Amino acid sequence: EAGVAQSPRYKIIEKRQSVAFWCNPISGHATLYWYQQILGQGPKLLIQFQNNGVVDDSQLPKDRFSAERLKGVDSTLKIQPAKLEDSAVYLCASSFWNSPLHFGNGTRLTVT
Amino acid sequence: KQEVTQIPAALSVPEGENLVLNCSFTDSAIYNLQWFRQDPGKGLTSLLLIQSSQREQTSGRLNASLDKSSGRSTLYIAASQPGDSATYLCAHGGATNKLIFGTGTLLAVQP
């Protein structure tokens with residue numbers, strides 16, 4: 001089966017600019033997750049969708065981060081405006097409900 | 001606040017050795033415990049998922065155990081190989097499959 005697809009793989013922006021990441025989950029997976037992984041740390045959940053509804057966004061900095069999952073398939077994560085501390089790898093994952101997560105290769109964001 | 005701790009942070013062993021990675025968590029309200037592998041520049045690959053009603057799971061040379069009462073899980077790797085070199089992450093799974101990750105153990109298996 002095709003895995004979780006993410007783009008772009010790398011992105012370098014200046015602080016205060018905006019950026020968007022895209023994720024296409026595994027076909028049939030209703031649950032989609034966005035994680036932020038800062039260098040040397042474990043991934044931290046930003047937002048979890050079940051179909052196109054939000055299950056958990058308690059750790060999403062809503063003043064600058066937004067995410068949507070139109071039609072319950074693809075998802076985009078946006079940061080506007082970016083800060084230096086947003087430099088991280090942004091991982092998308094998908095799963096059936098309460099099953100192992102399948103991760104994409106991530107987008108490495110550098111904010112200068 | 002739920003915390004997940006992994007010890008050791010880094011481990012180097014010679015090829016062929018058996019090894020144990022440790023994971024501890026503070027929240028006993030656990031639905032599952034998951035172990036992942038992460039290679040440099042890549043995403044995470046699921047290795048084992050232990051439901052809260054289970055004590056252990058096995059896949060090939062990997063065996064993971066779960067002790068909810070003590071808040072601990074271990075990942076046992078038998079007969080380690082250089083290809084096992086990676087970062088190993090454990091994650092506490094909550095009711096909605098929300099995962100809280102540890103910071104990982106960086107494993108190097110020397111040929």
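Each chain gets a letter, A, B and so on, in the order its sequence line appears, and its residues count up from 1. From a predicted model like this one, the values you see are computed outputs, not experimental measurements. In what follows, every heavy atom counts, from backbone to side chain, and hydrogens, waters and symmetry copies are set aside.
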(request) Could you check which of A:Q6, A:R9, A:Q48 has the highest count of heavy-atom pairs closer than 4.5 Å to chain B? (result) A:Q48
(message) To check you understand the geometry: which heavy-atom pair defines the closest contact between B:L49 and A:S99, and what is its length?
(response) CD1-C, 4.2 Å
Is it the side chain or the backbone of [X] that comes within 4.5 Å of chain A heavy atoms, both, or neither?
X     : answer
B:L44 : both
B:Q6  : neither
B:D39 : neither
B:L99 : both
B:A95 : backbone

(request) Report the C-alpha distance between B:F101 and A:L45 in whole Å, list the side-chain angles of each, state the deciding distance to 0.1 Å, and finish with yes or no for side-chain contact (heavy atoms from CB on, under 4.5 Å). (result) CA-CA 9 Å; B:F101 282 88; A:L45 179 69; over 6 Å; no
According to a hydrophobic-cluster definition based on side-chain heavy atoms being under 4.5 Å apart (Ile, Leu, Val, Met, Phe, Trp, Tyr only), do [X] and [Y] belong together?
X     : Y      : value
A:F65 : A:Y33  : no
A:L91 : A:L101 : yes
B:L48 : B:Y76  : no
A:W22 : A:Y90  : no

(message) Could you measure the distance from the CH2 atom of A:W97 to the OG1 atom of B:T96? Nearest 0.5 Å is fine.
(response) 5.0 Å
(request) Please round to the nearest 0.5 Å and tell me the distance separating atom OG of A:S58 and atom NZ of B:K98. (result)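 Atom-to-atom, A:S58:OG and B:K98:NZ are 3.5 Å apart.
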Whether over 12 other heavy atoms sit under 6.0 Å from [X] [atom1]:
X     : atom1 : value
A:L39 : CG    : no
B:R55 : CZ    : no
A:Q59 : CD    : yes

